[in-house]
Amino acid sequence: MPHRVVPRATLVIATVVAVVAAAVGALAAWRLVSPETPLARAMSLVPADATRFSWTDWAGVRAELGADLDARSSAEEVEAFLAEAFEQDLSSMSALATSAGVMQDELGFSPATISWELLAQSGSGAVAVMGVGDDVDLEHVADLLASHGWSQPDDPAGVWEGGPDVLSGVGPMLTPELQHLALLADEGVVLASDQVPHLEQVLRVVAGEADGADGLAEVVARLEEPLAAAAYDGAYACEHLAMAQADDAARAEADRLLAAAGEVHPLTGFAMGVLPHGDVRAVLQVEDADDAPGDAEARAALASGPAPGQGGDFTDRFSVEAAGAEGREVVLDLRPVAGSYVLSDLTSGPVLFATC
């Protein structure tokens with residue numbers, strides 16, 4: 001299906017006209033992508049009740065930074081890589097960042113060797129799903145887990161049970177999600193959670209015995225293949241990105257800006273990701289496709305002006321390079337200002353242009 005492009009509008013809005021005119025270029029189309037991206041595939045492996053997702057394409061980050069790392073790299077080399085990734089806003093979505101050096105030395109896998117990482121969270125628990133390839137020897141990982149005190153499962157695809165005492169005995173700063181693990185060689189993934197029942201629930205999804213989280217597949221597909229990303233379902237986005245979290249003065253300013261920009265509609269999904277070479281894309285899904293073009297114009301205007309609740313203006317952080325709508329999704333393509341941390345700063349609220 002061809003893309004519908006939001007025409008360039010004359011965004012003459014009394015309180016933000018100068019900023020919008022300077023910041024918003026032609027509202028452009030983007031390439032239609034399949035929902036079956038690596039991120040969407042990873043999300044399909046976790047339970048359907050997951051509401052928020054944090055993604056890091058570690059192979060992509062290593063390539064982006066020119067990092068030459070493998071299983072023989074030292075913990076110091078891995079930690080230096082993580083520090084560089086942090087400076088480029090490429091590690092903030094990871095649950096493993098503070099654990100990387102110890103993981104490299106003691107567990108046989110780390111952000112230096114895994115392909116990607118997805119942290120999925122719901123009311124019932126959290127799980128880290130890690131993609132592994134030839135750089136990770138799962139038999140060696142199993143030997144290391146046994147040597148550190150994890151209980152080996154009877155089924156090779158079962159749960160290696162550890163716990164806080166086992167984890168603290170391995171080394172400092174390990175994320176609690178690493179307390180219990182499953183090593184799935186056939187699927188090329190390692191699962192980790194701080195709760196055995198939740199990990200067993202994930203294993204049922206992987207085995208095809210329970211539904212995976214595919215409700216945001218179209219939303220994350222619009223990100224294409226981000227290096228780092230966050231995705232939220234509508235309820236979580238509307239609660240945690242909403243202006244309701246701001247103080248009275250910021251909410252009053254937001255009301256004025258919203259009235260000038262035009263109507264926006266509640267979100268049914270939200271995603272933001274850092275793309276290769278540094279640009280950022282935000283995807284905002286609304287309930288009705290007929291509302292998406294108007295939302296694209298209004299949200300582009302909001303993203304080009306003051307940032308109540310965040311401080312300063314959004315233009316201090318990024319410029320809006322393009323905005324458009326396809327189906328129910330609004331896409332804003334953003335170019336960060338050097339030294340800004342758009343992904344890590346704007347995936348927690350209040351974020352005016354993501355308000356419901």
Side-chain angles (χ1 to χ4, degrees), residues 33-46 50 53-73 75 77-79 81-82 84-86 88-120 126-142 144-145 157 175 177-178 181-193 199 202-203 205-206 212-213 217 220-221 223-231 271 273-277 343:
V33 291
S34 164
E36 197 64 5
T37 62
L39 172 52
R41 286 196 295 273
M43 290 167 64
S44 73
L45 300 176
V46 304
F53 306 85
S54 303
W55 166 261
T56 310
D57 176 359
W58 284 114
V61 172
R62 294 193 296 269
E64 181 84 359
L65 301 180
D68 184 14
L69 299 170
D70 58 27
R72 297 166 295 182
S73 298
E77 290 171 319
V78 175
E79 289 167 355
F81 160 64
L82 265 293
E84 186 177 2
F86 176 82
Q88 301 299 318
D89 205 15
L90 295 174
S91 65
S92 61
M93 297 296 105
S94 174
L96 307 177
T98 61
S99 309
V102 176
M103 291 176 67
Q104 178 76 0
D105 279 352
E106 302 294 340
L107 298 184
F109 65 98
S110 79
T113 54
I114 63 176
S115 302
W116 49 263
E117 169 200 348
L118 176 72
L119 177 67
V127 62
V129 186
M130 294 158 276
V132 297
D134 294 339
D135 289 336
V136 177
D137 181 346
L138 289 183
E139 291 185 0
H140 179 55
V141 172
L144 290 171
L145 294 179
T175 179
E177 272 70 40
L178 293 170
L181 299 107
L183 312 178
L184 307 183
D186 290 345
E187 291 79 9
V189 298
V190 172
L191 308 177
S193 178
L199 197 52
V202 178
L203 286 170
V205 176
V206 174
V220 299
L223 293 178
E224 300 185 31
E225 297 191 13
L227 299 177
V274 179
L275 307 181
H277 312 302
L343 178 65

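Heads up: numbering here begins at 1 and tracks the sequence.
Interatomic distance, Leu343 CG to Ser91 OG, rounded to the nearest 0.5 Å: 10.0 Å. Taking OG from Ser94 and CZ from Phe86, the interatomic distance works out to 12.5 Å, rounded to the nearest 0.5 Å. Interatomic distance, Ser110 OG to Met103 CE, rounded to the nearest 0.5 Å: 6.0 Å. Leu90 contributes atom CG, which lies 8.0 Å from atom OG of Ser92 (distance to the nearest 0.5 angstrom). Remark: Glu177 CD to Leu191 CG distance equals 12.5 Å, nearest 0.5 Å. To the nearest 0.5 Å, the span separating OG1 on Thr113 from CG on Asp137 amounts to 10.5 Å.
Residue Asp70 qualifies as enclosed at atom CG: its count of foreign heavy atoms under 6.0 Å is above 12.
Ser193 and Ala126 get closest at one heavy-atom pair: OG-O, 2.8 Å. Between Leu199 and Ala192, the shortest heavy-atom distance links the atoms CD1-N, 4.0 Å. The nearest pair of heavy atoms linking Val78 to Ala112 is CG2-CB, 3.7 Å. The shortest heavy-atom contact between Asp105 and Ala75 is OD2-CB, 3.4 Å. In terms of heavy atoms, Leu138 sits closest to Ala185 at CD1-CA, 3.7 Å. Taking each heavy atom of Leu39 and Ala229 in turn, the nearest pair found is CD2-CB, 4.5 Å.
In this structure, the side chain of Glu64 engages the main chain of His277 through a donor-acceptor pair within 3.5 Å. Using modelled atom types, one side-chain atom of Ser99 and one backbone atom of Thr175 make a donor-acceptor pair closer than 3.5 Å. A donor-acceptor contact shorter than 3.5 Å links the side chain of Trp55 to the backbone of Pro226. Using a distance-only test at 3.5 Å, with no hydrogens or angles considered, no donor-acceptor pair links the side chain of Glu106 to the main chain of Gly101. A donor-acceptor pair is defined here as one N or O able to donate and one able to accept, closer than 3.5 Å; no such pair exists between the side chain of Glu117 and the backbone of Trp58.
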Between Val190 and Ile114, does the side chain to side chain contact (heavy atoms under 4.5 Å, CB included) criterion hold? Intermediate values first, please. CA-CA 9 Å; Val190 172; Ile114 63 176; over 6 Å; no

Could you go step by step and tell me if Leu107 and Leu144 meet the side chain to side chain contact (heavy atoms under 4.5 Å, CB included) rule? CA-CA 6 Å; Leu107 298 184; Leu144 290 171; 5.5 Å; no

From CA spacing to verdict: side chain to side chain contact (heavy atoms under 4.5 Å, CB included), Val46, Val205: CA-CA 6 Å; Val46 304; Val205 176; 5.9 Å; no

In sequence, state the C-alpha distance, the side-chain angles, and the governing distance for Leu65 and Gln88, and then conclude on side chain to side chain contact (heavy atoms under 4.5 Å, CB included). CA-CA 9 Å; Leu65 301 180; Gln88 301 299 318; 3.8 Å; yes

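Residues Leu145 and Leu183 form a side-chain contact, since some pair of their non-hydrogen atoms from C-beta on lies under 4.5 Å apart. For the pair Leu45 and Glu187, the minimum side-chain heavy-atom distance is 4.5 Å or more. Between Thr37 and Leu223 the shortest side-chain heavy-atom distance does not fall below 4.5 Å. A 4.5 Å side-chain heavy-atom check between Leu69 and Glu77 finds at least one atom pair inside the cut-off. Between Leu82 and Pro111, the closest side-chain pair of non-hydrogen atoms falls below 4.5 Å. The side-chain heavy atoms of Met130 and Leu96, taken from C-beta on, include a pair separated by under 4.5 Å.
Among residues two or more places apart in sequence or in another chain, the ring pair (Phe, Tyr, Trp, His ring centres under 6.0 Å) test is passed with Phe53 by none. Residues that satisfy the side-chain contact (heavy atoms from CB on, under 4.5 Å) test with Ser54, not counting sequence neighbours, are Met93, Leu119.
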